[in-house]
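To start, the structure under review is shown below, and the notes come after it.
What you are looking at is a predicted structure, and each value in this text was computed from that prediction instead of being measured. Residue numbers begin at 1 in each chain, while the letters A, B, ... track the order of the sequences.
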Amino acid sequence: MSRYYLTTPIFYVNDAPHIGHAYSVLNGDAVTRWHRLLGDEVFYLTGTDEHGLKVQRAAEANGLSPQVQADRTSQRFRAAWAELGVANDEFIRTTEPRHHRAVQKLMQRAYDNGYIYSATYDGWYSVADEAYISQEDVTEEDLKAGRVERMTEENYFFALSAFEEQLLDWYEANPHNITPEGYRNEALGIIAGGLRDISITRTSIDWGIPVPWADGHVFYVWYDALTNYATAAGYGDDEGRFAAWWPSARHLIGKDIIRFHCVYWPAMLLAAGVNDLPKFHVHGWLLVGGKKMGKSAFNQISPSDLVSDFGVDGFRYALLRDTPFGPDSEVSHESLQQRYNTDLANNFGNLLQRACALVHRKCGGVGPAPDTDHPLADVVAAVYADTAEGWERFQPSVALEATWRLIRDTNEYLQATEPWKTDPGSVVDTILGNVLESLRIVCILASPAMPFACEVAWGRLGLSGSPLDQRLPEAAEWGQYPGGLAVVDGEPLFPRLLD
RNA sequence: GGCGGCGUAGCUCAGUCGGUAAGAGCGCUCGACUCAUAAUCGAGAGGUCGCCAGUUCGAGUCUGGCCGCCGCUACCA
């Protein structure tokens, strides 16, 4: 048994949950569910990032305290993921006391180790980005709109430049630390291009975690936020727990935050004396009409709208199946619906439906046992291998495509044997037993993407328990449908969607 | 400017070490079937694998150049 600690980015409470956020969280949820099936000890973390100037100002504008502002938005994320059936083990908030302790400890250690020093910044500051910007990037429009302000403040800087070599060595020695591989080159490019020290504190705001060695300073959002991954694993609170979990840490991130995660964060860990560095799984953006999912168009559709259109599992499946993990992916309501109708209504749902109906018509509603040795068993073995590899490589779309081959072959088998033309008896029993067995395995293999629908389908087959409690790879071995179970001839699992 | 990636059927994409790889799914057309959610099964049409040149007995697959799209990064005006 191995540990699998996966994190999503924590989401900034300045924004409402949208499909882009959901995309990260669902990929992580499906992958961790797969690892649970394997019997791995899984820790899946998501949460919210709650400090910083933007939150402080949004709170002021709403006449609220920053904490109340953060509480409200954080709750929206929590509710959104619950609605999507996300099985995160914890939901961390950067305003929690344990997180304050962890950030202070991590940064204090870096400070004690000599990697943090003070300097004065005098220049332009972008409120929107919460970042210092250079003179030439300041535009008149920004000034008029108040997006850019003049600022002079004493800062503490992190000696990022001291870690160039260590980071390059680490990436050299661990070529699989970033997947898909293309993104590894980006991280290497950033490092090889030369690293500059970075400002990590602010005196201009209050809404943040206090710097332990300097009154009036709080940590800048990013250095506060990144540490959440360590906090949740017990850093600063429970060293035994941290030691157990941290070596298996993996961060699921979008390509826009590679610099912070794949360069700054490992350096921060090294500076604090943490030498186990995490792995990264990087995904692209969802595009609508060729443009990044922003605050317009499809974005106006909330995850919850899509749940009402496709059902939780319909949405989860269509999104995961239609978007290769890594590259940017074009998505639309039409493409999701097409995927839903083809793969779920026509293939999986309809196969289940016809199988159950046939069992009722030919076998009195009692599901027969399969052949112990049957050609479909070979299909299952191949499908299992490819499905497992897909999940292992953090490629949900590949894994699901592999699983669906079993559904296709089972439909084909049914068509070839035509049990509806045959009188009840052992021949029909065996055919239907084979189909039920095939469906049993599909229910398990598809459950990371569709935990609820697969449980329902499992029950239709007359099986007790849940596909979520099965153990792979044993449970995917052919021939375990016991026979003699009461099969349920119910309503279609995935009603075909018309428009 | 530098580094890197991409450009394969209408759509989304696979193509490992150059040699039955020109493929899959969807969509489309035709046929079959009727257990099932007008679902399923079969057959077929459709591509000069961005362009040009080269290496080779043989190149989506290697080399050079070009065009187009994109990412990271630098900098000069």
Fill in: rA45(B) - base-pair partner by Watson-Crick or wobble geometry, distances under 3.5 Å
none
Worksheet item: Watson-Crick or G-U wobble partner for rG71(B), using a 3.5 Å limit on both distances?
Response: rC3(B)
Item to complete: For F494(A), report the nucleic acid contact type (base, sugar-phosphate, nothing); a contact means any heavy atom under 4.0 Å.
Response: base
Fill in: C1'-based separation of rC13(B) from rG7(B) [nearest Å]
13 Å
Worksheet entry | Short side-chain to backbone donor-acceptor contact, W458(A) and S464(A), under 3.5 Å | yes
Discussion item. What's G193(A) touching, base or sugar-phosphate or nothing? Going by heavy atoms closer than 4.0 Å.
Written reply: nothing
Fill in: Gap separating the CH2 atom of W222(A) from the OG atom of S199(A), nearest 0.5 angstrom
15.0 Å
Practice prompt. For nucleotides rA9(B) and rC51(B), find the distance between their P atoms and express it as a whole number of Å.
Written response: 11 Å
Fill in: Watson-Crick/G-U partner (both atom distances under 3.5 Å) of rU56(B)
none
Discussion item. Syn if the chi torsion is within 90° of 0, anti otherwise; quick check, which is rG60(B)?
Written reply: syn
Worksheet entry | Candidates rC35(B), rU37(B), rC26(B) - which lies nearest the side chain of Q338(A) | rC26(B)
Worksheet entry | Pairwise 5' ranking along RNA chain B for L358(A) and D328(A), keeping only the more 5' one | D328(A)
Item to complete: Tell me which of N185(A) and Q415(A) sits closer to the 5' end of RNA chain B, going by the nucleotide each one is nearest to.
Response: N185(A)
Fill in: Span that lies between the C1' atom of rC28(B) and that of rG68(B), in whole angstrom
29 Å
Practice prompt. Tell me what L493(A) touches on the nucleic acid: a base, only sugar-phosphate, or nothing, going by heavy atoms under 4.0 Å.
Written response: base
Fill in: side-chain contact (heavy atoms from CB on, under 4.5 Å) assessment of H261(A) paired with L226(A)
CA-CA 7 Å; H261(A) 282 77; L226(A) 288 163; 3.6 Å; yes
Worksheet item: Hey, does V456(A) have a side-chain heavy atom less than 4.5 Å from the side chain of L493(A)?
Response: yes
Practice prompt. Quote, to the nearest angstrom, the P distance that separates rG18(B) from rG64(B).
Written response: 16 Å
Practice prompt. Return the value, rounded to whole Å, for the distance between atom CZ of R321(A) and atom C1' of rA24(B).
Written response: 10 Å
Worksheet entry | rG10(B) pairs with, by Watson-Crick or G-U criteria that keep both distances under 3.5 Å | rC26(B)
Worksheet item: Under 4.0 Å between a side-chain N or O of N347(A) and OP1 or OP2 of rU40(B)?
Response: yes
Worksheet item: Within the structure shown, what part of the strands sits under 4.0 Å from R361(A) by heavy-atom distance: base, sugar-phosphate, or nothing?
Response: sugar-phosphate
Practice prompt. Can you figure out which of rU37(B), rU40(B), rC72(B) approaches the side chain of A345(A) most closely?
Written response: rU37(B)
Item to complete: Give the intermediate values and the outcome of salt bridge (Lys or Arg N to Asp or Glu O under 4.0 Å) for residues R316(A) and D29(A).
Response: CA-CA 10 Å; R316(A) 290 173 58 112; D29(A) 186 56; 2.6 Å; yes
Worksheet item: Where along residues 448-462 of chain A does a heavy atom fall under 4.0 Å from RNA chain B?
Response: none
Worksheet item: Heavy atoms under 4.0 Å, any strand shown: does Q353(A) hit a base, just sugar-phosphate, or nothing?
Response: base
Worksheet item: Any idea which heavy atoms bring A22(A) and P303(A) closest together, and the distance?
Response: CB-CG, 4.0 Å
Worksheet item: Using the ring of each side chain (for Trp, its six-membered ring), is Y220(A) parallel, tilted or perpendicular to Y223(A), with breaks at 30° and 60°?
Response: tilted
Fill in: Contact summary for P448(A) and P451(A), nearest pair of heavy atoms
O-CD, 4.2 Å
Item to complete: Could you tell me whether A357(A) contacts a base, only the sugar-phosphate backbone, or nothing, with contacts defined as non-hydrogen atoms closer than 4.0 Å?
Response: sugar-phosphate
Worksheet, complete the sentence: Within residues 416-445 of chain A, the residues having a heavy atom closer than 4.0 Å to RNA chain B are W420(A), K421(A)
Worksheet item: Should the ring pair F280(A) and H251(A) be called parallel, tilted or perpendicular, given that the plane angle runs from 0 to 90° and is split at 30 and 60?
Response: tilted
Discussion item. Let's test this: given Watson-Crick or G-U wobble pairing with both distances under 3.5 Å, identify the partner of rA39(B).
Written reply: none
Worksheet item: Counting N and O atoms only, with roles assigned by atom type, does the side chain of W478(A) sit under 3.5 Å from a partner on the main chain of D371(A), one being a donor and the other an acceptor?
Response: yes
Worksheet item: Taking only side-chain nitrogens and oxygens of R259(A), does any of them come within less than 4.0 Å of OP1 or OP2 of rU73(B)?
Response: yes
Fill in: Shortest non-hydrogen contact from I441(A) toward A475(A)
CG1-O, 4.4 Å
Discussion item. Taking rA74(B) as the reference, what is the distance to rC6(B) when you measure between their P atoms (whole Å, please)?
Written reply: 23 Å
Discussion item. Does the structure show a Watson-Crick or G-U wobble partner for rC76(B), both distances under 3.5 Å? Name it, or say none.
Written reply: none
Practice prompt. Answer yes or no: side-chain N or O of N346(A) and base N or O of rA39(B) forming a donor-acceptor pair under 3.5 Å.
Written response: no
Worksheet, complete the sentence: Answer for the Watson-Crick or wobble partner of rC51(B), both distances under 3.5 Å, is rG65(B)
